[in-house]
Number of protein chains: 2
Amino acid sequence: MASAKSLIFAELAEIARTIGHPHRLELIEHVSQGERSVERLAALIGQSMANTSQHLQHLRRSGLVQSRRDGKRILYRLGDGPVIPLLTSLRQYAEDSRAEVRGIVADYFDRLDRLEPISRTELVARLREENVTVLDVRPKEEFDLGRIPGAVNVPLEELEKRLSELPADTETVAYCRGPYCILSFEAVAALRTKGYRIRRLEDGFPEWVDAGFAVERGPSVAPRPARSN
Amino acid sequence: MASAKSLIFAELAEIARTIGHPHRLELIEHVSQGERSVERLAALIGQSMANTSQHLQHLRRSGLVQSRRDGKRILYRLGDGPVIPLLTSLRQYAEDSRAEVRGIVADYFDRLDRLEPISRTELVARLREENVTVLDVRPKEEFDLGRIPGAVNVPLEELEKRLSELPADTETVAYCRGPYCILSFEAVAALRTKGYRIRRLEDGFPEWVDAGFAVERGPSVAPRPARSN
DNA sequence: CATTCATTCAATTGTTTCGTTGAATGTTTA
DNA sequence: TAAACATTCAACGAAACAATTGAATGAATG
């Protein structure tokens, strides 16, 4: 039946249109870091509450995000389906085939040094050998909601003050929210000028989770900066 | 810079909006079978030439399709980038998380028998052992443009007339245009009632190409139906 | 039980997109 | 060089969408 086919195309198109808006893409990125209230999301994307709420409901209709009530606020989180793979393939298509994006990514990220990232599997191997410090430069709230096991949390703004928490003798791997999040880029740029051996992790925390690697949750116990300097 | 970030989101959103229209999704599906003229594509999606042309140019702007001139007509083909992976992840997201799509797919395809498909790698292995006939049920023109090596082409309409070309003693694997193409489902349903041992290949020809498996092109030499019945 | 607060709804306006119509372009054929 | 043909362009009206405003909901607090 042709009608079943056109119904399927209509469904697919609707999902595609849902992620076809910059604000909604940005909302998904923020929501993929952990639960967020509408108020906070509105501030993050620089839009009004009403507008943000409507975009969120649009996303929820397509299952890309879910929500729950917590007291007087509503918290949004990432949907159950393979949302990250969908966005990853969208990004990969864009990087592969759109000159504009290639140009932007090149101009923007490459200028911050050619900071070759370390792969997730490589990091896992290095963690087993205990010869690497994992640095989470996201804000504390996001760190508390979930992190790479054993990671040390030093938000980017506090990095200069808290340099002593980082071992200078072992290599450090920094990560943040995703491939377009600049926090870890800036952390690497800053620490390299101070002589640290530091690299970025490929992509970011949501992709780490999506790839099925272990996650540590809850308020952090004492971080374990094996200070030796 | 926040502006680089928002530029990236704008680019991604534009690509997503490009595939966010049923006609354009359908055009991509048809174009992924091989080169097609605007006239033919217009007929396939049941739209005017002008409208089809505009959708095609929209797709071309995003690199999802490419075009070349051949005499007085313009032929469109699939773009260079990872278009199929993008659509595959879109479809997988939809199937995984949208009840409507799940319902449609279930109602529609499952009713045509639970025809468990054979995987591409399994088919390759079976082909090495020479104990399988590959049946391409697409129209001859598409078959000529590219096919699984060694495949026999019997378009669905001619299947009943040309049953003799299919060996009844070896298992047959049928394929067509893709996961939502009903040709191979119907072929399987038809031949099973006649006692043939026949299964579907997972997905279809574009996905076969995309997965990097060998393709045979050009007008078919004599098909080799190892008739033994 | 009234108030406060976060969120959602409803109505409005300006912008973008879709499909149609008819003319323009550029290539082949007569 | 003119006619035929496939495709694209340009202009239009209808429909969908985005963002704003202000009112409505519904849970928590006093």
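Each chain gets a letter, A, B and so on, in the order its sequence line appears, and its residues count up from 1.
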Mind calculating the distance between [atom1] ([X]) and [atom2] ([N]) to the nearest angstrom?
| X | N | atom1 | atom2 | answer |
| --- | --- | --- | --- | --- |
| A/His55 | C/dT7 | NE2 | P | 16 Å |
| A/Ile74 | C/dC5 | CD1 | P | 18 Å |
| A/Gln57 | C/dC9 | CD | C1' | 8 Å |
| A/Glu35 | C/dT7 | CD | P | 12 Å |
| A/Leu56 | C/dC9 | CG | C1' | 15 Å |
| A/Tyr76 | C/dT7 | OH | C1' | 8 Å |

Partner residues of [X] under the side chain to side chain donor-acceptor pair (under 3.5 Å) criterion, sequence neighbours left out:
| X | value |
| --- | --- |
| A/Asn51 | A/Gln47, A/His55 |
| B/Ser67 | B/Arg60 |
| A/Arg17 | none |

query = Residues in salt bridge (Lys or Arg N to Asp or Glu O under 4.0 Å) with B/Glu39, at least two apart?
reply =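 Here no residue qualifies.
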message = Among residues at least two apart in sequence or on other chains, which ones pass salt bridge (Lys or Arg N to Asp or Glu O under 4.0 Å) with B/Arg69?
response =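 Here no residue qualifies.
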inquiry  = Using a strict threshold of under 4.0 Å (side-chain N to carboxylate O), is an ion pair present between B/Asp203 and B/Arg91?
reply    =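 Salt bridge present between B/Arg91 and B/Asp203.
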query = Does the pair B/Arg147/B/Glu142 count as a salt bridge with the N-to-O cut at 4.0 Å?
reply =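 No salt bridge links B/Arg147 with B/Glu142.
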Under 3.5 Å, which donor-acceptor pairs link side chains of residues 74-83 of chain A to any protein atom two or more places apart or in another chain?
from    : atom 1 : to      : atom 2 : distance (Å)
A/Arg77 : NE     : A/Gln66 : OE1    : 3.4
A/Arg77 : NH2    : A/Gln66 : OE1    : 3.2
A/Asp80 : OD2    : A/Gln66 : NE2    : 3.2

query = Among all residues two or more places apart in sequence or in another chain, which pass the side chain to side chain contact (heavy atoms under 4.5 Å, CB included) test with B/Ala211?
reply = B/Arg120, B/Phe213
request  = Establish, with yes or no, whether the OP1 or OP2 oxygen of C/dG19 is under 4.0 angstrom from a side-chain nitrogen or oxygen of B/His23.
outcome  =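 For C/dG19, OP1 or OP2 has a side-chain N or O of B/His23 closer than 4.0 Å.
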ask   = Just to confirm, is there a sub-4.0 Å distance from OP1 or OP2 of C/dT7 to any side-chain nitrogen or oxygen of A/Gln54?
value = no
request  = Kindly state which residues belonging to residues 40-51 of chain A come within less than 4.0 angstrom of DNA chain C, counting heavy atoms of the residue only, listed by number.
outcome  = A/Met49, A/Ala50
key: Opening and closing nucleotides of DNA chain D in contact with chain A, under 4.0 Å to non-hydrogen atoms   =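 Range of nucleotides touched by chain A: D/dC17 to D/dA28.
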task = For B/Ser67 and for A/His21, find the nucleotide of DNA chain D with the closest heavy atom, then tell me which residue's nucleotide is more 5'.
result =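 Counting from the 5' end, the first nearest nucleotide belongs to B/Ser67.
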query = If you check every side-chain atom of A/Ser53, which of C/dG19, C/dT7, C/dT4 has the closest atom?
reply =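 Nucleotide nearest to A/Ser53's side chain: C/dT7.
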